[in-house]
Amino acid sequence: MTLPPKEIIRALKTLLGDAGSLISDPAEMASYLAEPRKRFHTPAVAVVLPGSIATLQALCRWANQHRIPLVPQSGNTGLVGGQVPLRGDEVVVNLSRINRVREVDATAGHMTVETGVILEEAHKAAEAGGAMFPLWIASQGSARIGGVLSTNAGGVQVLAFGNARELTLGVEAVLADGRLYRGLNALKKDNTGYDLKDLLVGAEGTLGFITAATLKLFPIPEAYETAFINVAGPEAALELFYLLRERTGMRLTAFELMPRFGIDLQLKHGMLLRDPAASLSPWYVLAEVNRMKGGVPGALQSALEEALGGGLVTDAVVAESESDRTLMWAAREQMSDVQSREGASIKHDVSVPIAAVPRLIAEGAAAAERIVPGIRACPFGHMGDGNIHFNFSQPAGADGKAFMAGAEPLHAAIYRIVGKLGGSVSAEHGIGQLKTDLLKQVKDPVALEMMQAIKAALDPNGILNPGKVLG
Ligand SMILES: Cc1cc2nc3c(=O)[nH]c(=O)nc-3n(C[C@H](O)[C@H](O)[C@H](O)COP(=O)(O)OP(=O)(O)OC[C@H]3O[C@@H](n4cnc5c(N)ncnc54)[C@H](O)[C@@H]3O)c2cc1C
């Protein structure tokens with residue numbers, strides 16, 4: 001039995017004392033409850049900001065005893081509503097005050113940072129030590145390590161370095177009953193039973209509070225070779241990917257696909273001051289290759305010359321300055337935002353085996369056109385990872401609200417194609433509260449039972465992010 005809100009607030013005041021901040025005024029709570037997509041608007045009983053791990057442990061012990069639901073929150077940039085309340089009786093636990101960089105060992109290739117460290121600050125800490133932490137996402141100025149790990153975030157260099165899970169060596173976490181799991185280590189090899197780190201990373205706050213992590217670091221490249229490449233379509237892009245991977249191997253760090261439609265929108269809405277492309281083409285690829293100290297320059301250029309000679313690529317521009325490179329990346333990173341300037345849009349964050357990406361795009365665009373004639377497909381993203389953000393803009397001049405009201409058949413069609421191609425309905429952003437029903441429909445029933453058993457073992461009273469992921 002949970003307590004009435006007034007008693008919860010009174011108890012939290014006593015519990016936190018000077019060791020944490022408590023916010024219970026609705027106006028002051030607003031910024032913690034508003035998430036980026038503005039889809040979820042449930043109130044909370046309170047927002048708390050523990051100032052130490054010991055305080056967080058005491059909070060969990062008390063919440064577990066009284067069955068008070070807790071919602072872990074870090075940077076509040078999540079796109080599936082995992083970090084905001086679902087029922088209205090929750091206490092949001094914002095972890096931004098637990099934010100020390102504990103250790104950076106650039107030479108050995110790891111650092112240990114606490115949950116509240118902003119991703120960009122983690123990059124800077126690694127760089128100050130002479131190394132690179134290669135997890136870049138557009139929200140890195142606000143997203144924090146705890147949230148980045150809990151969503152197993154990806155980004156633009158997964159191709160070479162993997163997502164958050166692959167970049168994590170060890171984690172420390174507070175469990176639902178307040179116990180501290182001390183799993184920080186810098187071991188590449190550790191075969192001592194179940195991989196608890198991999199369980200906590202990507203759990204979206206349903207299994208424990210990640211309080212710190214030991215992360216992998218890499219040498220800083222001496223230079224980047226970046227190109228904006230014209231291709232006839234996703235089939236040609238796939239062939240180009242195979243060729244570049246063969247010629248540049250692990251140095252190929254990004255391979256991003258974009259339709260001309262998205263570039264035109266950015267030029268129309270003043271988000272790009274000039275066109276990053278060499279010439280008009282229905283599709284483009286942004287490819288990037290890292291060059292390490294002592295490496296031979298021109299690997300990307302010579303692979304592109306070969307592709308041009310073979311007709312795989314129709315034109316290309318290689319960045320000659322940092323501002324060229326910035327322009328190319330801006331064109332890629334603004335692809336999603338620009339759609340909101342063009343009216344309503346319906347989005348899907350999906351992945352398929354890389355060889356199936358052209359079929360996904362062709363079949364998805366055709367199905368969408370049958371459902372909403374005139375719909376404008378804008379599929380783009382991390383093609384090298386098989387991860388496409390399959391977005392659609394409303395038909396020009398259509399009513400945005402009516403377009404959004406008809407989203408369900410479109411979702412069903414895209415997810416059906418994804419399933420048929422052996423893909424995933426959430427490549428990067430997770431399940432949160434947005435996709436719980438969908439997960440039940442598409443996930444293997446035995447996998448769901450295993451997930452429920454793990455949840456019941458680690459959080460028997462169901463106080464951690466109730467209703468998220470498993471519904
Ligand atoms: C503009 C923009 C661009 C983005 N680009 C990408 C991208 O390229 N790739 C990508 O993968 N994502 C992307 N995202 C999504 C989002 O930024 C990531 O999911 C990010 O990793 C979330 O970090 P956060 O600190 O904001 O977490 P939050 O939003 O606060 O939380 C996210 C989830 O993690 C849980 N959680 C938070 N902290 C903890 C903790 N310490 N312990 C346990 N659970 C916790 C929450 O309960 C919630 O379920 C983008 C978002 C925006 C707004």
Side-chain angles (χ1 to χ4, degrees), residues 31-38 40 47 50 53 56 60 69-86 90 92-99 113-122 135-158 162-165 167 171-176 181 199-213 254 256 329 332-337 340 347 349 351 380-382 385 387 389 426-436 458-459 464-469:
S31 65
Y32 295 92
L33 302 182
E35 44 79 37
R37 292 222 166 127
K38 301 180 178 62
F40 306 105
V47 175
I53 291 165
L56 178 63
C60 286
L70 304 177
V71 178
Q73 184 181 84
S74 285
N76 192 11
T77 70
L79 296 175
V80 289
Q83 73 282 12
V84 288
L86 170 71
E90 298 102 321
V92 173
V93 183
N94 183 289
L95 298 149
S96 55
R97 293 181 59 200
I98 301 175
N99 59 12
V113 290
E114 291 183 343
T115 173
V117 173
I118 291 175
L119 179 54
E120 211 161 69
E121 297 301 322
L135 199 161
W136 280 279
I137 55 179
S139 53
Q140 63 198 30
S142 311
R144 296 172 187 268
I145 290 300
V148 167
L149 264 55
S150 296
T151 54
N152 187 25
V156 292
Q157 298 217 0
V158 170
N163 48 23
R165 209 171 249 137
L167 290 167
V171 296
E172 176 191 271
V174 172
L175 303 185
Y181 163 60
L199 207 53
L200 288 159
V201 175
E204 299 184 51
T206 60
L207 300 181
F209 285 89
I210 293 178
T211 50
E256 301 284 317
W329 274 112
R332 162 61 187 85
E333 275 165 4
Q334 292 167 176
M335 222 13 101
S336 185
D337 277 359
S340 52
K347 302 182 176 183
D349 161 40
S351 66
F380 69 92
H382 318 298
D385 309 325
N387 174 196
H389 298 300
S426 182
E428 278 198 320
H429 301 151
I431 301 298
Q433 54 181 300
L434 182 67
K435 292 185 175 173
T436 49
L458 290 182
D459 180 19
L464 294 178
N465 232 354
K468 310 290 173 57
V469 183

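The model shown is predicted, which means the values in this text are computed figures rather than measured ones. Note that ligands are numbered from 1 as they come in the structure, with each ligand's atoms numbered from 1 the same way. Note: hydrogens, waters and symmetry copies are ignored here, and every other heavy atom, side chains too, is used.
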Exercise. For ligand 1, what is the set of protein residues having any non-hydrogen atom at a distance below 4.0 Å?
Worked result: P72, Q73, S74, G75, N76, T77, G78, L79, G82, Q83, L95, T115, I137, A138, S139, A143, R144, G146, G147, V148, S150, T151, A153, G154, G155, E204, G205, G208, F209, I210, E428, H429, N465
Problem set entry | L464 versus A176, closest heavy-atom pair with distance | CD1-CB, 3.7 Å
Exercise. Does a side-chain heavy-atom distance below 4.5 Å link E428 with H382?
Worked result: yes
Exercise. Do K468 and E204 meet the salt-bridge criterion of a basic N to acidic O distance under 4.0 Å?
Worked result: no
In a table with atom names and distances, give each donor-acceptor pair under 3.5 Å that connects a side chain of residues 137-144 to protein atoms at least two apart or in another chain.
from, atom 1, to, atom 2, distance (Å)
Q140, OE1, I137, N, 3.1
R144, NH1, G116, O, 2.6

For this session: Check whether the side chains of E114 and N99 place a donor and an acceptor atom closer than 3.5 Å, and report yes or no.
Result: no
Problem set entry | Atom of V174, atom of C60 and distance for their closest heavy-atom approach | CG1-SG, 3.8 Å
